[in-house]
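Okay, so here's the structure we're looking at.
Atoms within a ligand are numbered from 1 in the order they appear, just like the ligands themselves.
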Amino acid sequence: MSQPTGNIFIVVAPSGAGKTSLVTALLQAEPSVELSISYSTRAPRKGEEDGKHYHFVDQTTFKSMIERGDFLEYAEVYGNFYGTSAPWIRSRLEVGQDILLEIDWQGAEQVRKVFPEAIGIFIAPPSIEELERRLRGRATDSEDVIRRRLASARAEIDKIAEYDYIVVNDDFERARLDLISVVRANRLRSAIQCRKLAAMLARMGQAG
Ligand code: GDP
Ligand code: ADP
Ligand code: 5GP
């Protein structure tokens, strides 16, 4: 698959670390980055819309999508299935679009096998205690679900060194600016710029 000038950003975090809040803020600052909308068998939370937060599907539909090869990656996360649409990713990369995947660590490993140049960003909470406070404060999940998510957090943090960037979400504004910096810096890499600016660089080479 060709990837003319687009970057693939993969954002991973323990549940409750602030991934969704930070990604939403990033997309406001950098509207040209497009978010991949995952498919999920989880029930929608209050306020979540089909097609905006996730494509919500039942288990039977999800399984037939797996069989058709519709997913670039998929994983079982906290008892539900989540997957990234392969045709959507391919269509965006073909036109050089920067894309962002908000997925779990298992999905991140799968995507990096297909696209080793994908940029992995880990959002870390300042502490496990604060993570628990945020999960409870969000008030969207049952006690059982919260316990399950907290139990996974330690194992996820153990894999932190596998990521290209680590953003600690302590002070939200600082974390927001850190995330924006990662996106902007990656867009300026010479491998990307040489392709994007080919015509301009050729003109300057000819001048004089
Ligand atoms: P939140 O991120 O804690 O608000 O919880 P969600 O229910 O939205 O997501 C649950 C988990 O599924 C998280 O670890 C996500 O990163 C992960 N996830 C979301 N979409 C995908 C996807 O398309 N593929 C994979 N593999 N994981 C996903
Ligand atoms: P995730 O998508 O990683 O599960 P959310 O974005 O839903 O996380 O954030 C979890 C909760 O923590 C939300 O209620 C959010 O408003 C809150 N939150 C996010 N970042 C911060 C922060 N820096 N300080 C305090 N609370 C935060
Ligand atoms: P939540 O159920 O709280 O929305 O998400 C729980 C976890 O599932 C989060 O860590 C989220 O990143 C992950 N997740 C969401 N979509 C996908 C996806 O398409 N693939 C994978 N692998 N994980 C996902």
Side-chain angles (χ1 to χ4, degrees), residues 8-28 35-57 61-62 65-66 70-89 99-115 118 120-142 144-157 159-160 163 166-179:
I8 305 174
F9 298 101
I10 309 177
V11 179
V12 174
S15 188
K19 169 169 47 69
T20 305
S21 312
L22 281 170
V23 166
T24 304
L26 167 74
L27 298 178
Q28 267 166 16
L35 179 66
S36 160
I37 311 291
S38 298
Y39 285 78
S40 178
T41 62
R42 157 165 90 61
R45 293 179 185 139
K46 206 167 163 268
E48 282 185 336
E49 283 174 44
D50 186 38
K52 187 174 171 207
H53 297 89
Y54 285 104
H55 299 289
F56 293 103
V57 294
T61 307
F62 199 95
M65 290 182 74
I66 296 175
D70 283 348
F71 293 122
L72 171 63
E73 63 75 33
Y74 68 91
E76 187 176 353
V77 193
Y78 319 124
N80 295 299
F81 285 96
Y82 295 84
T84 303
S85 164
W88 186 85
I89 299 286
I99 55 177
L100 188 147
L101 312 185
E102 218 190 305
I103 61 178
D104 87 312
W105 66 271
Q106 307 169 83
E109 285 186 358
Q110 293 176 56
V111 173
R112 292 189 84 176
K113 280 192 189 130
V114 184
F115 298 109
I121 307 167
F122 193 94
I123 312 283
S127 67
I128 295 288
E129 293 71 26
E130 174 61 17
L131 187 66
E132 182 165 1
R133 257 193 300 280
R134 287 182 193 172
L135 273 177
R136 291 190 191 290
R138 188 167 71 180
T140 53
D141 304 294
S142 66
D144 176 49
V145 168
I146 289 177
R147 256 193 249 125
R148 220 198 276 199
R149 289 177 180 226
L150 281 172
S152 305
R154 284 190 173 83
E156 289 163 18
I157 291 166
K159 290 174 169 282
I160 205 163
Y163 294 82
I166 298 168
V167 172
V168 179
N169 183 19
D170 189 353
D171 174 57
F172 187 85
E173 182 55 15
R174 220 202 64 199
R176 187 184 76 90
L177 293 175
D178 283 350
L179 191 56

Discussion item. Nearest 0.5 angstrom please: Thr84 OG1 to Gln110 CD, how far?
Written reply: 8.5 Å
Discussion item. Check for me whether Gly16 has a heavy atom closer than 4.0 Å to any atom of ligand 2.
Written reply: yes
Worksheet item: Given Val11, Ile123, Asn169, which one has a non-hydrogen atom that is nearest to atom 20 (N) of ligand 2?
Response: Asn169
Fill in: Gly83 to ligand 3, any heavy atom closer than 4.0 Å
yes
Worksheet item: Can Arg134 and Glu130 be counted as an ion pair, charged N to O under 4.0 angstrom?
Response: yes
Worksheet, complete the sentence: Short version for His53: what comes under 4.0 Å of ligand 3, heavy atoms counted, is neither
Worksheet item: With sequence neighbours left out, what residues match Arg112 under side-chain contact (heavy atoms from CB on, under 4.5 Å)?
Response: Ile10, Ala118, Asp164
Worksheet item: Looking at ligand 2, does any of its N/O atoms fall within less than 3.5 Å of an N/O of Asp171?
Response: no
Worksheet item: Atom CG of Leu101 and atom CD1 of Ile89: how far apart are they, to the nearest 0.5 Å?
Response: 4.5 Å
Worksheet item: Is ligand 3 less than 4.0 angstrom away from at least one heavy atom of Arg42?
Response: yes
Worksheet, complete the sentence: If we number the atoms of ligand 3 from 1 as shown, the ones under 4.0 Å from a heavy atom of Ser38 are 16 (N), 17 (C), 18 (C), 19 (O)
Response to the item:
Shortest non-hydrogen pair, Pro14 vs Glu156, comes out as CA-OE1, 2.9 Å
Worksheet item: Is Arg154 atom CZ crowded by more than 12 heavy atoms from other residues, nucleotides or ligands, each under 6.0 Å away?
Response: no
Item to complete: Before accepting this row, confirm whether a basic side-chain N of the pair Arg133/Glu129 lies closer than 4.0 Å to the acidic partner's carboxylate O.
Response: no
Worksheet item: Mind checking whether Arg138 has an N or O less than 3.5 Å away from an N or O of ligand 3?
Response: no
Worksheet item: Can you find an N or O of Arg138 that's nearer than 3.5 Å to an N or O of ligand 2?
Response: yes
Worksheet item: Does an N or O from Gly18, backbone or side chain, lie closer than 3.5 Å to an N or O of ligand 2?
Response: yes
Worksheet item: Just how far is it from atom CD1 of Ile157 to atom CD1 of Ile166, taken to the nearest 0.5 Å?
Response: 10.5 Å
Discussion item. Would you say that Glu48 contacts Ser40 through its side chain, given a criterion of any heavy-atom pair below 4.5 Å between the two side chains?
Written reply: no
Worksheet entry | Atom pair CG/CZ of Asp141 and Arg147 - distance to nearest 0.5 Å | 13.0 Å
Worksheet, complete the sentence: In ligand 3, the atoms that come under 4.0 Å of a heavy atom of Gly107 are 22 (N)
Worksheet item: Heavy atom under 4.0 Å from ligand 3: found in Glu102's side chain, backbone, both, or neither?
Response: backbone
Discussion item. Using a 4.0 Å cut-off to any heavy atom of Glu73, which atoms of ligand 3 qualify?
Written reply: 18 (C), 19 (O), 20 (N), 21 (C), 22 (N)
Worksheet item: Which ligand 3 atoms are under 4.0 Å away from a heavy-atom of Arg149?
Response: 1 (P), 2 (O), 3 (O), 6 (C)
Practice prompt. With Val11 as reference, evaluate Leu22, Leu35, Thr20, Ile123 under the side-chain contact (heavy atoms from CB on, under 4.5 Å) test and give the passing residue.
Written response: Ile123
Worksheet item: Are any of the N or O atoms of Thr20 closer than 3.5 Å to those of ligand 2?
Response: yes
Item to complete: Please state whether Thr140 comes within less than 4.0 angstrom of ligand 2, counting heavy atoms only.
Response: no
Worksheet item: Side chain or backbone of Tyr39 under 4.0 Å from ligand 3, or both, or neither, by non-hydrogen atoms?
Response: neither
Response to the item:
Within 4.0 Å of some non-hydrogen atom of Ala75, the atoms of ligand 3 are 22 (N)
Response to the item:
In terms of its nearest heavy atom to atom 5 (O) of ligand 3, the top option of Tyr78, Tyr54, Phe71 is Tyr54
Fill in: Asp170, portion touching ligand 2 at heavy-atom distance under 4.0 Å
backbone
Discussion item. I need the Lys19 NZ to Leu26 CG distance, nearest 0.5 Å.
Written reply: 13.5 Å
Worksheet item: For atom 1 (P) of ligand 3, which candidate among Glu48, Gln110, Arg45, Lys19 holds the nearest heavy atom?
Response: Arg45
Worksheet item: Looking only at non-hydrogen atoms, which of Ile103, Asp104, Thr84 approaches atom 22 (N) of ligand 3 most closely?
Response: Asp104
Practice prompt. Would you mind running through ligand 2 and noting each atom that sits below 4.0 Å from a heavy atom of Ser21?
Written response: 5 (P), 6 (O), 9 (O), 15 (C), 19 (C)
Discussion item. Here's a test for you: under ring pair (Phe, Tyr, Trp, His ring centres under 6.0 Å), which of Phe62, Tyr39, Tyr54 qualifies with Phe81?
Written reply: Phe62
Discussion item. Within ligand 2, which atoms have a heavy atom of Ser15 less than 4.0 Å away?
Written reply: 4 (O)
Worksheet item: Would you say the side chain of His53 lies within less than 4.5 Å of the side chain of Arg45, judging by non-hydrogen atoms?
Response: no
